[in-house]
**Q** 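Could you have a look at this structure, given as structure tokens, before my questions?
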2 protein chains.
Amino acid sequence: MTIQRRCILDSLTFFPQSVFEISSFLKTHGTPVDVVTIYRTLNCFVEIGIAGKTKFKDDFSRYELISEANHHHHLVCDKCGAVEDIPLDDKLLIDEINKKTNFKVKSHALEFFGICTKCQQ
Amino acid sequence: MTIQRRCILDSLTFFPQSVFEISSFLKTHGTPVDVVTIYRTLNCFVEIGIAGKTKFKDDFSRYELISEANHHHHLVCDKCGAVEDIPLDDKLLIDEINKKTNFKVKSHALEFFGICTKCQQ
DNA sequence: TGACTTATTGCAAGTCATTTGCAATAATTC
DNA sequence: GAATTATTGCAAATGACTTGCAATAAGTCA
Ligand SMILES: [Mn+2]
Ligand SMILES: [Mn+2]
Ligand SMILES: [Zn+2]
Ligand SMILES: [Zn+2]
């Protein structure tokens with residue numbers, strides 16, 4: 001556990017952030033960390049299961065904290081790119097899959113694209 | 001409408017394929033087309049709404065035909081990468097979102113990861 | 001504590017999917 | 001069929017991400 005790793009961990013949220021965003025945040029909060037270190041650390045966090053990696057339509061990865069208690073899905077604005085967290089009942093869907101196939105579901109990504117509240121005005 | 005575009009359109013399926021796969025297919029079927037042309041054509045197809053672009057965990061894009069009548073979702077095998085199409089009733093989820101927020105959903109991607117039938121043996 | 005071992009950092013350089021510039025070629029228009 | 005316009009394919013650029021490696025910091029054990 002190093003200073004850099006602690007800072008990266010502290011800057012993670014349930015809101016998925018890009019490496020660029022994390023890097024900017026750390027720069028303006030007194031502890032600049034090289035992007036390479038951020039990449040390596042986040043990959044490590046994903047492997048040990050404390051962070052999740054997501055990719056939306058733009059093509060860079062976003063990272064967020066993972067917790068069983070906080071399972072949720074994402075509403076992504078097509079206009080401004082804002083991401084909203086939303087808890088959804090995904091049990092029915094998984095039951096449906098189990099009924100129809102014998103694919104063994106281990107994880108899932110439910111993402112909805114559209115226009116956020118702000119951009120509707 | 002050129003020969004190349006016709007060939008690319010004909011090689012599309014409801015099964016999402018990578019540019020590499022489409023390129024290989026065209027090479028072994030008498031009509032090699034430059035990958036740049038494939039990229040440009042597929043982007044065009046996506047813009048006019050006849051093709052869909054998907055990204056799974058590996059990081060290259062996959063393209064498939066789109067049709068209202070054939071709306072479906074994907075089961076992606078974590079082991080072999082196989083993709084299975086599955087129709088799912090997503091109405092309830094979207095209703096749930098409309099009830100909880102005023103985000104205006106325009107499209108969605110429901111992807112399930114796990115182990116396919118073959119890889120379970 | 002301090003010498004020793006091991007893991008992490010940061011820069012530079014490499015990789016790989018995708019995009020862009022541009023001249024040659026093909027399709028469309030008149 | 002000549003003139004206009006769009007599409008092709010090569011080479012080169014881009015941009016997110018990874019890797020090599022020497023310097024530095026953490027952890028270990030007397
Ligand atoms: Mn989230
Ligand atoms: Mn499909
Ligand atoms: Zn928005
Ligand atoms: Zn499989």
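Lettering of chains follows the sequences in order, A, B, ..., and the numbering in each one begins at 1.
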**Q** Is any side-chain nitrogen or oxygen of B:T2 closer than 4.0 Å to OP1 or OP2 of C:dA27?
**A**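 No, because none of the side-chain N or O atoms of B:T2 sits under 4.0 Å from OP1 or OP2 of C:dA27.
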**Q** Is it true that a side-chain atom of A:E84 and a backbone atom of A:C116 form a donor plus acceptor pair closer than 3.5 Å?
**A**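 The answer is no, because no donor-acceptor pair under 3.5 Å joins these two groups.
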**Q** Determine: side-chain N/O of B:T37 to OP1/OP2 of D:dT7, distance under 4.0 Å, yes or no.
**A** no
**Q** Figure out the NZ/C1' separation between A:K55 and D:dG15, and round it to whole Å.
**A** 12 Å
**Q** Roughly how many Å is it from CD1 in A:I22 to P in D:dC17, rounded to a whole number?
**A** 11 Å
**Q** Measure from CD1 on A:I38 to C1' on D:dT18 and round the result to the nearest Å.
**A** 15 Å
**Q** So if you build clusters from Ile, Leu, Val, Met, Phe, Trp, Tyr with side-chain heavy-atom gaps below 4.5 Å, do A:I50 and A:I8 land together?
**A** yes
**Q** A:Q4 side chain to A:T37 main-chain N or O, any donor-acceptor pair under 3.5 Å?
**A** no
**Q** Can you tell which of D:dT18, D:dC10, C:dT9 lies closest to the side chain of B:D34?
**A**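 Nearest to the side-chain atoms of B:D34, counting from C-beta on, is D:dC10.
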**Q** In whole Å, I'd like the distance from the CZ atom of A:R40 to the C1' atom of D:dA16.
**A** 15 Å
**Q** Return the 5'-most residue of the pair B:V35, B:M1 with respect to DNA chain C, ranking by each residue's nearest nucleotide.
**A** B:V35
**Q** Taking for each residue the nucleotide of DNA chain D bearing the nearest heavy atom, is the 5' side occupied by A:I3 or by A:K53?
**A** A:K53
**Q** Give the rounded distance in Å between these two atoms: CD of B:E21 and P of C:dT18.
**A**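 Whole-Å distance recorded here is 12 Å.
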**Q** Which listed nucleotide (C:dT18, C:dT19, C:dT8) is nearest to the side chain of B:N43?
**A** C:dT19
**Q** Going hydrophobic residue to hydrophobic residue with side-chain gaps under 4.5 angstrom, can you get from A:F56 over to B:F103?
**A**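 Cluster IDs for A:F56 and B:F103 differ.
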**Q** Considering every strand and a 4.0 Å limit on heavy-atom distances, what is the contact class for A:V19: base, sugar-phosphate, or nothing?
**A**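 It contacts nothing in the nucleic acid.
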**Q** Whole-Å distance between D:dA16 C1' and A:L42 CG?
**A** 14 Å
**Q** For C:dT9, does either OP1 or OP2 sit under 4.0 Å from a side-chain N or O belonging to A:R5?
**A** yes
**Q** Of the nucleotides D:dC10, D:dC17, D:dT8, which has the atom closest to the B:Q4 side chain?
**A**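 Within the option list, the nearest is D:dT8.
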**Q** Between P on C:dT15 and CG on A:D59, what's the gap in Å once rounded to a whole number?
**A** 20 Å
**Q** Side chain of B:Y39, heavy atoms from C-beta onward: which of C:dT18, C:dA27, C:dT9 has the nearest atom to it?
**A**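 So the side chain of B:Y39 is nearest to C:dT18.
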**Q** Hey, does the side chain of A:T41 come within less than 4.0 Å of C:dT8's phosphate (OP1/OP2), counting only N and O?
**A**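 Checking C:dT8 against A:T41, no side-chain N or O comes under 4.0 Å of OP1 or OP2.
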**Q** Would you say the side-chain atoms of B:S24 pair up with the backbone N or O of B:F20, donor to acceptor, closer than 3.5 Å?
**A**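 Yes: the side chain of B:S24 pairs with the backbone of B:F20.
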**Q** What is the distance, rounded to the nearest whole Å, between atom OH of B:Y63 and atom P of C:dA17?
**A**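 It is 13 Å, rounded to the nearest whole Å.
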